Amino acid sequence: MTDKDRIDEGELDRLLAGAADNAPAPSQDLMARIMADADAVADGFAPAVPEVSSPARPGFFATLMKSVGGWPAMAGLATATVAGIWIGYGTPEALNDLSAGYLGASYDLGDFMPSINLILEEG
Amino acid sequence: MDKSVDDLRDISDEALLVAFGNGERAGARVLTQRLTPVVLGFATRMLGDRAEAEDVAQEAMLRLWRVAPDWRQGEAKVTTWLYRVVSNLCIDRLRAKRGVALDAIEEPADQTPGVLDKLVESERHQALQAALDTLPDRQRQAVVMRHIDGVSNPDIADVMDISVEAVESLTARGKRNLAQALAAKREELGYEK
């Protein structure tokens, strides 16, 4: 190979540097297409701050249930309520017998608790 | 609220990409202006075809937009990431075109006589591109990045997933082969014999 058939390194470097200075400029059309792509992609992004829905406030009965201990406690309360009503309406025969034994037949329960007769009459 | 493009001129590529991922569209405008010439220039040198290079540039930038929401600053440079994407897209296209004879490459278009300096310069660039086209893909990739785009050897190593020593070896062999391919076109280049 003769000298005239060779490209020395300096020549090659100058040629490559010249290529760098003459890089192809993008057309306005290409820039517009790339920006349109960016806008289309951005349209699909999730909102930066997602909406946070506030939790529903518990209702009055839910608060009451929670305060007394839930359904098991409510069952106990219901039983006590029914028992109380039954006791309240039941005729206190045993109490009459007891007072007759101690005080004699001349006294009635109404003598000691006048209001009991009123309650029993209405009942 | 969208910031103006001027407000973002001094911000790094990585920060702009993260901003775009968070809905700041002006970030994409600045990145488009800043990076499209780099991407297009590299793709053009790799493919030797302007129209195909534009397709690759658009595709690479589209992939960049899509990755924006997941981009984490400090993990990679945007330019390194783009060079890798463009390299892969170009090499895929070159492989798909394999089998096309080298002599099927278009002859340089006729130039209007009268602007001799411009004509010689244009012929030089066409000869350089023709010589680049004869290099193996990886050599061309390394030579274009190092000697035309001025990318550092460590960054090229990162893009090509090889050692810095391998990059030096590739660029050295690439330049030797380029010089041989150009020697035959010496007259076209306008150098003294």
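Please read these numbers as outputs of a predicted model, since none were measured by experiment. In the text below, chain A, chain B and the rest are named by the order of the sequence lines, each starting its count at 1.
A pairwise comparison of heavy atoms in B:Leu40 and A:Pro26 identifies CD2-CA, 3.5 Å as the closest pair.
Contacts between A:Asp13 and chain B at a heavy-atom distance below 4.5 Å involve the side chain alone, from C-beta outward. For B:Phe20, the parts sitting under 4.5 Å from any heavy atom of chain A are the backbone and the side chain alike. B:Arg45 touches chain A through its side chain: at least one heavy atom from C-beta onward sits under 4.5 Å away, while N, CA, C and O do not. Looking at A:Ala25, the atoms closer than 4.5 Å to chain B (heavy atoms on both sides) all sit in the backbone: N, CA, C or O. In this structure, the portions of B:Thr36 lying under 4.5 Å from any heavy atom of chain A include both its backbone and its side chain.
For the pair B:Glu54/A:Ser27, a side-chain contact is recorded, criterion being any heavy-atom separation below 4.5 Å from C-beta on.
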So A:Asp43 and B:Arg25, salt bridge (charged side-chain N to carboxylate O under 4.0 Å, His left out) or not? Walk me through it. CA-CA 10 Å; A:Asp43 286 343; B:Arg25 297 185 187 215; 2.6 Å; yes

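Note that CG of B:Leu128 is 4.5 Å distant from CG of A:Leu15, once rounded to the nearest 0.5 Å. To the nearest 0.5 Å, the span separating CD on B:Gln33 from CE on A:Met31 amounts to 5.5 Å.
A:Met35 and B:Ile11 fall into different hydrophobic clusters, defined by Ile, Leu, Val, Met, Phe, Trp and Tyr side-chain heavy atoms under 4.5 Å apart, directly or through other members.
Between chain B and the options A:Ala40, A:Pro24, A:Ala23, the largest number of non-hydrogen pairs under 4.5 Å is found for A:Pro24. Heavy-atom pairs under 4.5 Å with chain B were tallied for A:Ala17, A:Gly44, A:Gly18, A:Ala42; the largest tally goes to A:Ala42.
With A:Asp37 as the fixed residue, the side chain to side chain donor-acceptor pair (under 3.5 Å) test singles out one of B:Gln58, B:Arg66, B:Arg63: B:Gln58.
Distance alone, capped at 3.5 Å, is enough to place a donor-acceptor pair between the B:Trp65 side chain and the A:Ile34 backbone.
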